[in-house]
There are 4 protein chains.
Amino acid sequence: MPPPAGRTGRPRSAEAHSAILRATRTALAELGWSRLSMSDVAARAGVARTTLYRRWPGKNELVVDAVAALLDEQLELPDSGSLAGDIEGVVLRFAQLLERPETRSALMAVVAESTRDPALRERVTAAIVDRQKALVLRGRERARARGELPPETDEAASARESDLVFDVIAGTVVHRALVSGEPVDAEWARRFTRMVLGGLPALTAEG
Amino acid sequence: MPPPAGRTGRPRSAEAHSAILRATRTALAELGWSRLSMSDVAARAGVARTTLYRRWPGKNELVVDAVAALLDEQLELPDSGSLAGDIEGVVLRFAQLLERPETRSALMAVVAESTRDPALRERVTAAIVDRQKALVLRGRERARARGELPPETDEAASARESDLVFDVIAGTVVHRALVSGEPVDAEWARRFTRMVLGGLPALTAEG
Amino acid sequence: MPPPAGRTGRPRSAEAHSAILRATRTALAELGWSRLSMSDVAARAGVARTTLYRRWPGKNELVVDAVAALLDEQLELPDSGSLAGDIEGVVLRFAQLLERPETRSALMAVVAESTRDPALRERVTAAIVDRQKALVLRGRERARARGELPPETDEAASARESDLVFDVIAGTVVHRALVSGEPVDAEWARRFTRMVLGGLPALTAEG
Amino acid sequence: MPPPAGRTGRPRSAEAHSAILRATRTALAELGWSRLSMSDVAARAGVARTTLYRRWPGKNELVVDAVAALLDEQLELPDSGSLAGDIEGVVLRFAQLLERPETRSALMAVVAESTRDPALRERVTAAIVDRQKALVLRGRERARARGELPPETDEAASARESDLVFDVIAGTVVHRALVSGEPVDAEWARRFTRMVLGGLPALTAEG
DNA sequence: CAATAACCGAGACGGTACGTCAGGTCTTTTC
DNA sequence: GAAAAGACCTGACGTACCGTCTCGGTTATTG
């Protein structure tokens, strides 16, 4: 949340801000989205309930901010030297994130809520989705520099393709972890990457 | 929900049952998961609130049942004669389902809630996930019969592979439709299918 | 508050009703009007806060009912055999009521609030004022029967006169007790009665 | 409230002082005691909320001051030449004051609050009650000078008597106006005065 | 055909959380 | 150092649902 606009008056406490976000993540992990209450967050953060409402319009917005802060910390793309290595790396990092109960509960819930609330969706897009998508673009760039992928010719087609790859990677990992409920380990990441790069036949060829 | 267990006494009204499920879906589409209330569903169904609790333990269970009924109706796998055609077909059917606001709101919300509640997860798995997975298995069977895929040798590997394909297809479509918020149209389905079958290079080769 | 109108549904608990009124009076005596809170009353009565709101629209209405119940108990007119005796009696009884801290706090506060809220005023009139006024009418009747006052001739004039006497007695006692803050004892009641019956000169004549 | 105490620093704005009292009275008339808020008063007076608390300890004290200023303006005793005329005059003036909505709301509320708060009661006594009582003493003095009442003999008895008359006049008028809710007009004032001077029989004699 | 058992509607019950508002205090910057 | 601005904590407000619990009444099956 942007700090206050004006310059006069008592400034908002910065400690309170981070204490609240921290408390939100803890509560989220323990209780899950629906059982999380503003009162509870306020109590954990050692802050009055009104202070929450002064800074965030409601539960949804608060949680989105709290979750977004999580992704910033850990979503980095390690340069492994090959496209396959990069994909496996980002898949494993993302999966690692989804193993933390606070992220599990929050991410899907935030998405679910955003299917109904356009303002929330925009917030989710800016705070979460776009940040992840940037990773795909960077990996693609590197692969081109290494000659693993042909240089860009049609910009529009290239953007469409990036979007597709992003949906495939993020969607599949989330589905595996949260819907199917199966672990995303190194072996699975290897198989998934082989399929992304070589397609279904390549996968079938060598189990 | 199974109808009554015992045999004596007044039987549960069957009309009430379907009226409730119908009302749940309508309310879900209008209000979304979190704003949906039992009172509201009861009022729409012309039924007392107690009747809901007599048949379902709570909101979660009711909604899962209501959503599961949706999937039964429309999830069929058309035999198009080729593996690519089958994939495109199921992608488009699934996407069509996700366009209906009641499904949009419900599916993710149910999944989100299930990340915290094992009982609910089991219910979701049985009522929704497994039913979708069956489609993948059937398609795979056909492709083998047509010689598009090699015959099964290692059963375990084959199962692992099916699971992966299922996660890729379902996950990507859901992510495209609900997270990225972009339309899943015939053109996209074609590109996605090409990538599933040929991998990233095949996709890049021909925009 | 009239019990529920309809006949269906679970009936309202009668114990709760009296427990609430009792708790209200206790809280009123301890805390006074402005510090009295619905939460507090609910806690004392061993009842959920919502139950209060189900039965009374708000604090004002609840307190009026609670106070009205007080007056019913104690406001009786003893037949002393003479008009002077009757007046002294009712003055002392009323003063005795005003000595109880719950009544002190409540009566004035209720009146104060009613100067702004016509609905509340009506409630106060019906529940408190009219009940007191009836005492004046009864005393007047007796005095006439005893020949202490001339028989009624003009009905309208008689009503006007009763109203005046009522205002004089009730107003003066309240003012003495709550505004001036002086005790209303037997001696004062005797002097006041002499003045009501004989006027200022009679009072001055014999200290 | 006494103007500034210290001598150094920025002096307190005198305009602010009267603006606040004016705003308090206006708000009181519009909203009544309980709905009146410091924030509201501050906003109306064009002053920061802090300024209020710098000058008055709280809401109660502010309102008492605001109301006391009202009484100073209008409570004068016209010399009508007779005791009856003096009483009628003061009754009508007082009633006129009670017709103003700001006074109606405020006076009773202040009294009600003071039944619980000794400090407030003292303030009310000094600022409001004593000032009214002085009128009674002055009227009594005049009546003695004119021979309408016997000269003072017993000082203590005389004080007791004044107190009684004060309670009767103020109490009855307030009760008529605020509790019974009936108008205090010239005709009523005449009847009331006759009763005060001649007692109940005198009243009954001639309707 | 009566008894019984489970249903149904209505609605009160104890709770929890909501989001708002007011009271008073504290902390900044500006005058 | 007063004043304006506004954040802060506390705690009450009235509302909305939750899931449970009586009620009076209504079907079915069983005896």
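The model shown is predicted, which means the values in this text are computed figures rather than measured ones. To find a chain, count down the sequence lines: A is the first, B the second, and so on, and within it residues start at 1. No hydrogens, no waters, no symmetry mates; every other heavy atom, side chains included, goes into these values.
- Summarising the geometry, the separation between CG on Asn60(D) and P on dG23(E) is reported as 11 Å, rounded to the nearest angstrom.
- Remark: C1' of dA10(E) and CE of Met38(B) are 17 Å apart, rounded to the nearest angstrom.
- When each of dG15(E), dC8(F), dC18(E) is scored by its nearest atom to the side-chain atoms of Ser39(A), the top-ranked nucleotide is dC18(E).
- A straight line from CZ of Arg35(B) to P of dC18(E) spans 14 Å, rounded to a whole angstrom.
- One atom, NZ of Lys59(B), and another, P of dT20(F), lie 15 Å apart when rounded to the nearest Å.
- When distances run from any side-chain atom of Ser13(A) to the nucleotides dC8(E), dC8(F), dC13(F), the shortest one goes to dC8(F).
- A donor-acceptor pair under 3.5 Å is absent between the side-chain atoms of Thr51(C) and the main chain of Val47(C), judged by distance alone.
- Within 6.0 Å of the CD atom in Glu15(C), the count of heavy atoms belonging to other residues, nucleotides or ligands does not exceed 12.
- Under a 3.5 Å cut-off, the side chain of Arg104(A) and the backbone N or O of Arg100(A) do not form any donor-acceptor pair.
- Each of Val47(B) and Ala48(C) was matched to the nucleotide of DNA chain E holding its nearest heavy atom; the match closer to the 5' end belongs to Val47(B).
- Residue Arg12(B) has its side chain nearest to dC7(E) when only dC9(F), dA17(E), dC7(E) are considered.
- Between dG19(E), dA2(F), dC13(E), one nucleotide has an atom nearer to the side chain of Thr51(C) than all others, and that is dC13(E).
- If you take NE2 of His17(B) and P of dC8(E), they are 12 Å apart, rounded to a whole angstrom.
- Ranked by how close their nearest DNA chain F nucleotide is to the 5' end, Gly46(A) and Gly58(B) are led by Gly46(A).
- Here CG of Leu21(D) is found 11.5 Å from CG of Leu28(D). Values are rounded to the nearest 0.5 Å.
- Regarding Tyr53(A), its OH atom lies at a distance of 18 Å from the P atom of dG11(F), rounded to whole Å.
- Looking at which nucleotide of DNA chain F each of Arg54(A) and Ser37(B) is closest to, the 5′-most match is held by Arg54(A).
- The residues Arg44(C) and Glu30(C) are annotated as salt-bridged, a charged nitrogen and a carboxylate oxygen being separated by less than 4.0 angstrom.
- Residue Arg49(B) has its side chain nearest to dG19(F) when only dG19(F), dC8(F), dC13(E) are considered.
- Here the nucleotide nearest the side chain of Arg10(C), chosen from dG11(E), dA7(F), dG25(F), is dG11(E).
- Whole-Å rounding puts the Asp40(D) CG to dG24(E) P distance at 15 Å.
- Rounded to whole Å, the distance from CG on Leu62(A) to C1' on dC18(E) is 14 Å.
- Put simply, Thr50(C) has no side-chain N or O that comes within less than 4.0 Å of OP1 or OP2 on dA16(F).
- Nucleic acid contact class of Leu52(D) (heavy atoms, under 4.0 Å, all strands): none.
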